[in-house]
Protein chains: 2
Amino acid sequence: MDAVFLALSSQTRRKMLDLIQNMPGCSVGDVAKYFDCSRIMVMKHLDTLRAADLLISRKVGRRRELFFNAVPIQMIHDRWTTEYSRFWATKAIDLKHMLESRQQKADP
Amino acid sequence: MDAVFLALSSQTRRKMLDLIQNMPGCSVGDVAKYFDCSRIMVMKHLDTLRAADLLISRKVGRRRELFFNAVPIQMIHDRWTTEYSRFWATKAIDLKHMLESRQQKADP
DNA sequence: TCCATAGGTAACAATAAGGTTACATATATG
DNA sequence: CATATATGTAACCTTATTGTTACCTATGGA
């Protein structure tokens, strides 16, 4: 989940993801055409997106075809819609753990 | 928007936000009790959350009272619900700009 | 007043992210 | 085959994030 938010924390990456979503199967070079940064930086950004599972790719010949994967976003979205401002699913469990660890720290 | 995603990209910060949401008006020290990291790091994390406008605070006596602000999350949420996987509002405009700059780059 | 408590700042070190250039590999295509 | 194209990797530098210790300020109470 950290990786998804981290990947989305860059406008450049969000735009790249947007582009790929609108041009499914486009190549790394295609993406690079739309941005001012170097091809290597494009690849690094795409790698960050892939690490967050927001990007799926396959190699076809000498090209790499890129595809947007909505699943991680859907996951976060679902958590947010469940209980609007209380936005992560593990909330209750985490709080329980926190309360337990608090007792340990407060009463050593 | 970058600041919000960046702030949310740390599980520790998400948990802090969760805690403050469940304990409105709690102090910096209160938050620190629930986490293993130092008080200074807690303050830095809180500062990151405040930079994203996810946190509101006021000083009362020598304590600082912390409050969760749902607005930035609501904003992102709204964008996502509008058109699910197409998750940012400036999409159409940005794409237009990208297409324009593409022509400039492709045809110099 | 004296002092413990709560918060804030400064300075620094380690690690990660953003960015570059140079080189390497694989694959279409004349 | 020769070469341009598309992608990948290595090395390196800069900046940002994460984390520390030490010190400072202000407030509440005995």
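So that the names make sense, note that chain A is the first sequence line, chain B the second, and so on, each numbered from 1. Heavy atoms only: backbone and side chains are in, while hydrogens, waters and symmetry mates are out. Here the structure is a predicted model, which is why all the values come from computation and not from measurement.
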Open item on the list: Counting C-beta onward and ignoring hydrogens, is there a side-chain heavy-atom pair between B:L46 and B:I20 closer than 4.5 Å?
Closed with: yes
TODO: On DNA chain C, check which nucleotide each of A:T12 and B:C26 is closest to and give me the residue with the more 5' one.
DONE: B:C26
- [ ] Please report, rounded to the nearest Å, how far the C1' atom of C:dG19 is from the CE atom of A:M43.
- [x] 14 Å
TODO: Please report, rounded to the nearest Å, how far the C1' atom of D:dT7 is from the CG atom of A:D30.
DONE: 13 Å
- [ ] Round to the nearest Å and state the distance from B:D47 atom CG to C:dA10 atom P.
- [x] 13 Å
Open item on the list: For a quick check of understanding: with a heavy-atom distance under 4.0 Å over all strands, which category does A:I40 fall into, base, sugar-phosphate or nothing?
Closed with: base
TODO: Calculate the interatomic distance between A:K44 atom NZ and D:dA11 atom P; express it in whole Å.
DONE: 13 Å
Open item on the list: Need one value for B:S27: base, sugar-phosphate or nothing, where a base atom within 4.0 Å counts as base even if backbone is also close, heavy atoms only.
Closed with: sugar-phosphate
TODO: Identify whether the distance between the nearest side-chain nitrogen and carboxylate oxygen of A:D30 and A:K33 falls below 4.0 Å.
DONE: yes
Open item on the list: Side-chain N or O of A:R13 versus OP1/OP2 of C:dG18: is the shortest distance under 4.0 Å?
Closed with: yes
Open item on the list: So B:L6, base contact, sugar-phosphate only, or nothing? Heavy-atom distance under 4.0 Å.
Closed with: sugar-phosphate
- [ ] May I have the distance from B:K33 (atom NZ) to C:dA6 (atom P), rounded to whole angstrom?
- [x] 7 Å
Task: Joint cluster assignment, B:L54 & A:M1, ILVMFWY side-chain distance < 4.5 Å - done: yes
Task: Minimum-distance nucleotide to B:R63 side chain [options: C:dA6, D:dT20, C:dG18] - done: C:dA6
Open item on the list: If you assign B:V60 and A:G29 each to the DNA chain D nucleotide with the nearest heavy atom, which residue ends up on the more 5' nucleotide?
Closed with: A:G29
Task: Selected nucleotide, minimal atom distance to B:R64 side chain, candidates C:dG8, C:dA6, D:dA6 - done: C:dG8
Open item on the list: With a 4.0 Å cutoff (strictly under), does any side-chain N or O of A:H45 reach OP1 or OP2 of C:dG19?
Closed with: yes
Open item on the list: Should the side chain of B:R39 and the base of C:dG7 be counted as holding a donor-acceptor pair, with the cut-off at 3.5 Å?
Closed with: yes
Open item on the list: Does B:K59 reach a base, just sugar-phosphate, or nothing at all? Heavy atoms under 4.0 Å.
Closed with: sugar-phosphate
Task: Donor-acceptor contact present, side-chain A:N69 to main-chain A:L55, <3.5 Å - done: no
Open item on the list: Less than 4.0 angstrom from a charged side-chain N to a carboxylate O is my criterion; do A:D47 and A:R50 meet it?
Closed with: yes
TODO: Can you tell me the distance, in whole Å, between the CG atom of A:L55 and the C1' atom of D:dT7?
DONE: 15 Å
TODO: Find the distance between CG (B:L17) and CZ (B:F68) and round it off to the nearest 0.5 Å.
DONE: 5.0 Å
TODO: Classify the nucleic acid contact of B:T48 as base, sugar-phosphate or nothing, counting any heavy atom under 4.0 Å across all strands shown.
DONE: nothing
Task: Below 4.0 Å: OP1/OP2 of D:dT20 and any side-chain N or O of B:S38 - done: yes
Open item on the list: Looking at B:R62 and C:dT5, is any side-chain donor or acceptor paired with a base atom of the opposite kind under 3.5 Å?
Closed with: yes
TODO: Provide, to the nearest angstrom, the distance between the CG atom belonging to A:D36 and the P atom belonging to C:dG19.
DONE: 11 Å
Task: Nucleotide D:dT17, atom P - distance to CG of B:L49 in whole Å - done: 13 Å
